[in-house]
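No hydrogens, no waters, no symmetry mates; every other heavy atom, side chains included, goes into these values.
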Amino acid sequence: MTKKAHGPARGQAAALSKTNQTTTAMTAQTNPNACLIEHANGGITMSARRTHVCLNAAWEVETLAHLLAGLPDRDGVTLAMRGIAARLIQLSTALSDGLSNAVEPTLSLECTTYVKMRGEIEGGNHD
């Protein structure tokens, strides 16, 4: 009894993956309406309009978090809300800096987002 293969072999899978990446890159280049382009190297390019929408979302989250943080304390519940608000502010700042601040190092954004010290972040070269 022979086993029937399910899906492409390893070599075929790699070829299909490369073809898919090339197709995605070609589609992005030929589609002028693409607002989010995924590159074969894992990077992305966003339209100015999409970047603006993302930044506005981050700013609104931060504003709402500041409102939460300013609530008067009642039975300790507000202390928890202040903690959540502080974290929302950190995350929205990381998001807006990641989208718009080319000087902010990715390592710094990772440390803020994943709540780790610089030495704890795995990986090689960080920009």
Side-chain angles (χ1 to χ4, degrees):
M1 181 157 61
T2 59
K3 239 182 182 176
K4 203 172 190 185
H6 297 287
R10 285 187 185 179
Q12 290 173 325
L16 288 174
S17 176
K18 186 170 183 154
T19 301
N20 185 36
Q21 289 175 354
T22 304
T23 303
T24 301
M26 288 172 51
T27 302
Q29 291 171 358
T30 58
N31 182 0
N33 296 322
C35 56
L36 179 67
I37 301 168
E38 296 176 342
H39 301 282
N41 68 357
I44 63 166
T45 302
M46 290 193 302
S47 67
R49 181 178 171 195
R50 186 180 186 100
T51 302
H52 186 71
V53 169
C54 290
L55 287 171
N56 273 295
W59 295 328
E60 185 171 342
V61 168
E62 185 172 357
T63 300
L64 292 170
H66 280 288
L67 289 172
L68 274 177
L71 293 175
D73 191 18
R74 293 189 195 137
D75 299 325
V77 173
T78 306
L79 292 177
M81 284 195 297
R82 286 183 190 161
I84 293 169
R87 182 67 181 140
L88 287 172
I89 292 167
Q90 287 177 334
L91 291 170
S92 65
T93 301
L95 177 59
S96 59
D97 283 350
L99 289 171
S100 65
N101 185 352
V103 195
E104 185 69 29
T106 301
L107 178 59
S108 176
L109 299 172
E110 288 174 326
C111 290
T112 299
T113 302
Y114 303 128
V115 192
K116 295 189 177 227
M117 301 300 289
R118 289 182 186 274
E120 294 178 294
I121 300 291
E122 295 291 326
N125 190 7
H126 295 283
D127 55 0

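The structure places OG of S96 at 6.5 Å from CD of E62, a figure rounded to the nearest 0.5 Å. Within the model, atoms CG of L36 and OG1 of T45 stand 8.5 Å from one another, a figure rounded to the nearest 0.5 Å. Atom CG of D97 is separated from atom OG1 of T106 by 11.0 Å, given to the nearest 0.5 angstrom.
Taking hydrophobic clusters as Ile, Leu, Val, Met, Phe, Trp and Tyr residues chained together by side-chain heavy-atom distances below 4.5 Å, L64 does not share a cluster with W59.
The two residues L99 and C54 have their closest heavy-atom pair at CD1-CB, 3.2 Å. Residue L109 comes nearest to A94 through the heavy atom pair CD2-O, 3.5 Å, listed as atom of the first residue, atom of the second, then distance.
In the displayed structure, H52 atom NE2 is contacted under 6.0 Å by at most 12 heavy atoms of other residues, nucleotides or ligands.
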Side-chain atoms of residues 79-91: list all donor-acceptor pairs with protein atoms under 3.5 Å, sequence neighbours left out, distances to 0.1 Å.
unit_1, atom_1, unit_2, atom_2, d
R82, NE, A69, O, 3.3
R82, NH2, L71, O, 3.1
R87, NH1, Q90, OE1, 2.9
R87, NH1, T112, O, 2.9
R87, NH2, T112, O, 3.3
R87, NH2, T113, O, 2.7

